[in-house]
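Note on naming: letters A, B, ... go to the chains in the order of the sequence lines (proteins, then strands), and numbering restarts at 1 for each one.
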2 protein chains.
Amino acid sequence: METRIERIKKHLHSSSYKLTPQREATVRVLLEHEEDHLSAEDVYLLVKEKSPEIGLATVYRTLELLTELKIVDKINFGDGVSRYDLRQEGAAHFHHHLVCIECGAVDEIQEDLLEDVEAVVEQRWNFKIKDHRLTFHGICYRCQDKDEE
Amino acid sequence: METRIERIKKHLHSSSYKLTPQREATVRVLLEHEEDHLSAEDVYLLVKEKSPEIGLATVYRTLELLTELKIVDKINFGDGVSRYDLRQEGAAHFHHHLVCIECGAVDEIQEDLLEDVEAVVEQRWNFKIKDHRLTFHGICYRCQDKDEE
DNA sequence: TTAATAAATTAAAATGATTGTTATTTAAAA
DNA sequence: TTTTAAATAACAATCATTTTAATTTATTAA
């Protein structure tokens with residue numbers, strides 16, 4: 001945890017940004033909720049618990065900055081809010097998501113799975129892929145079990 | 001064109017909705033701009049050209065209805081607006097998108113390409129896939145040509 | 001160390017997309 | 001035709017996000 005913070009700090013410094021207390025508090029919340037897909041408001045409320053003086057706009061600015069530096073990815077599941085997801089260290093590509101249309105749960109797929117598809121797209125459409133977003137909508141294993149009862 | 005309108009009309013009727021003049025005007029705009037990825041506001045402005053009395057809220061409600069009936073798909077490319085995309089008739093799955101990070105162009109991929117990936121996901125993650133969203137971000141062929149100049 | 005400068009933050013206001021409300025209109029059913 | 005329900009227009013309200021202006025914090029140069 002501390003080492004990841006250190007690395008993020010260096011990442012910021014290398015682009016001549018500082019890891020201010022507010023930014024550090026925000027990063028810590030993201031690290032502590034790596035499994036979740038928090039909205040800016042979610043992050044704000046969690047940061048506020050430890051640093052009550054922080055403002056929502058600062059959280060937005062921090063998330064924007066982290067997105068720019070590709071430390072987090074901004075993603076949108078179709079409800080009205082953007083969600084922010086820490087990128088795995090060293091991951092070349094953004095991971096995928098499984099959104100359950102029954103319970104709303106969001107699970108992650110860390111495996112790439114798209115190598116072949118991307119090769120086809122680059123070739124057939126002559127498109128230089130820099131990033132991707134892949135989300136499946138369906139029924140998660142938990143709700144399938146529930147349905148059987 | 002007329003036959004597609006007819007089919008959409010029947011689709012609405014089968015769920016006991018009517019194809020009102022406002023709804024028809026909206027559907028026509030979508031049909032006439034099938035290649036584009038219009039926001040609600042875009043649709044509104046285009047509908048207004050032919051039917052100036054229409055209200056923005058009606059366009060929103062119509063798009064929402066069409067989305068519910070899976071006649072259009074609502075998609076979000078990360079700018080602040082939802083975009084609406086007619087589903088190909090008879091298409092089981094939503095098509096994919098190529099978003100150019102230089103010029104902003106959005107191209108479509110109608111081919112599925114995901115069959116293998118979906119088989120893996122259904123099996124390995126025990127997830128019943130109902131739909132998907134796949135978007136690639138990168139440099140389109142037009143901008144690649146431009147860069148070479 | 002101190003004055004000057006730049007970066008970051010707060011708090012509040014502004015913006016822009018989307019949704020809700022109410023009165024009215026239109027269409028369908030009795 | 002009368003009644004009822006669905007759909008709409010016009011406007012107000014809401015919600016996420018961004019901007020602004022004043023203030024604070026950190027950094028640099030004297």
Side-chain angles (χ1 to χ4, degrees), chain A residues 8-9 11-29 37-69 71-85, chain B residues 8-30 37-69 71-85:
Chain A
I8 288 171
K9 189 172 180 173
H11 193 153
L12 283 170
H13 285 161
S14 75
S15 304
S16 51
Y17 293 108
K18 296 171 249 177
L19 186 65
T20 63
Q22 292 89 338
R23 286 175 183 165
E24 183 173 338
T26 303
V27 169
R28 278 184 191 280
V29 162
H37 298 81
L38 303 175
S39 67
E41 178 99 31
D42 295 336
V43 174
Y44 169 65
L45 292 173
L46 288 165
V47 172
K48 239 176 135 61
E49 288 178 9
K50 302 242 175 117
S51 317
E53 45 340 305
I54 203 169
L56 179 55
T58 301
V59 172
Y60 269 103
R61 272 187 303 254
T62 300
L63 291 171
E64 192 191 354
L65 177 62
L66 295 173
T67 303
E68 226 169 74
L69 298 179
I71 294 166
V72 309
D73 282 291
K74 189 176 174 178
I75 191 168
N76 198 297
F77 293 125
D79 52 349
V81 282
S82 293
R83 296 177 180 280
Y84 298 85
D85 214 346
Chain B
I8 289 170
K9 188 172 182 173
K10 275 179 192 146
H11 194 154
L12 283 170
H13 285 161
S14 74
S15 306
S16 51
Y17 293 108
K18 297 170 246 179
L19 187 66
T20 63
Q22 292 90 337
R23 286 175 184 166
E24 182 172 339
T26 303
V27 169
R28 279 187 191 279
V29 163
L30 291 173
H37 298 83
L38 304 175
S39 68
E41 178 98 34
D42 294 337
V43 174
Y44 169 66
L45 292 173
L46 288 164
V47 172
K48 240 177 131 65
E49 287 177 9
K50 302 244 174 115
S51 317
E53 53 327 315
I54 203 166
L56 177 55
T58 301
V59 172
Y60 268 102
R61 271 186 301 255
T62 301
L63 291 170
E64 192 191 353
L65 177 62
L66 295 173
T67 303
E68 224 170 79
L69 298 179
I71 293 166
V72 309
D73 282 290
K74 187 175 175 179
I75 191 167
N76 196 299
F77 293 125
D79 53 349
V81 282
S82 293
R83 297 177 179 281
Y84 298 85
D85 213 348

Does a nitrogen or oxygen in the side chain of [X] sit under 4.0 Å from OP1 or OP2 of [N]?
X	N	answer
A:Tyr60	D:dT17	yes
A:Thr20	C:dA7	no
A:Ser82	D:dT17	yes

Rounded to the nearest Å, what distance is computed from the [atom1] atom of residue [X] to the [atom2] atom of nucleotide [N]?
X	N	atom1	atom2	answer
B:Leu65	D:dT8	CG	P	9 Å
A:Glu41	D:dT18	CD	C1'	15 Å
B:Tyr44	C:dA17	OH	P	13 Å
B:Asn76	D:dA16	CG	P	15 Å
A:Asp79	C:dA17	CG	P	18 Å
B:Glu24	D:dT8	CD	C1'	16 Å
A:Leu63	C:dT9	CG	P	12 Å
A:Asp42	D:dA16	CG	P	10 Å

Once rounded to the nearest 0.5 Å, what's the spacing between atom NE2 of B:His11 and atom CG of B:Leu69?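 Spacing of NE2 (B:His11) from CG (B:Leu69) equals 4.5 Å.
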Quick one: pull up OG1 in B:Thr62 and CD in B:Gln22 and give me the separation to the nearest 0.5 Å.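 If we round to the nearest 0.5 Å, B:Thr62:OG1 and B:Gln22:CD are 7.5 Å apart.
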Between A:Gln22 and B:Leu56, which is nearer to the 5' end of DNA chain C once each is assigned its nearest nucleotide?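 Result: A:Gln22.
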Closest non-hydrogen atom pair between A:Leu12 and A:Lys18, with its separation: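 Distance-wise, the nearest heavy atoms are CD1-O, 4.0 Å.
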Might you point out which heavy atoms bring B:Tyr44 and B:Ile54 nearest each other, and give the distance in Å?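 Answer, listing the atom of B:Tyr44 first, then B:Ile54: CE1-O, 3.6 Å.
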Would you classify [X] as touching base, sugar-phosphate or nothing, given that sugar-phosphate means primed atoms plus P, OP1 and OP2, and contacts are heavy atoms under 4.0 Å?
X	result
B:Arg61	base
A:Ile54	sugar-phosphate
A:Ser39	nothing

Given [options], which nucleotide is nearest the side-chain atoms of [X]?
X	options	result
B:Thr58	D:dT8, D:dT27, D:dA7	D:dT8
A:Val81	C:dA12, C:dA8, D:dT17	D:dT17
B:Arg23	D:dT8, D:dT27, C:dT9	D:dT8
A:Ala40	D:dT8, D:dT17, C:dA8	D:dT17
B:Ala57	D:dA7, D:dT19, C:dG20	C:dG20

B:Asn76, B:Asp42, B:Val43 screened by side chain to side chain contact (heavy atoms under 4.5 Å, CB included) with B:Arg83, the one that passes: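 That would be B:Asp42.
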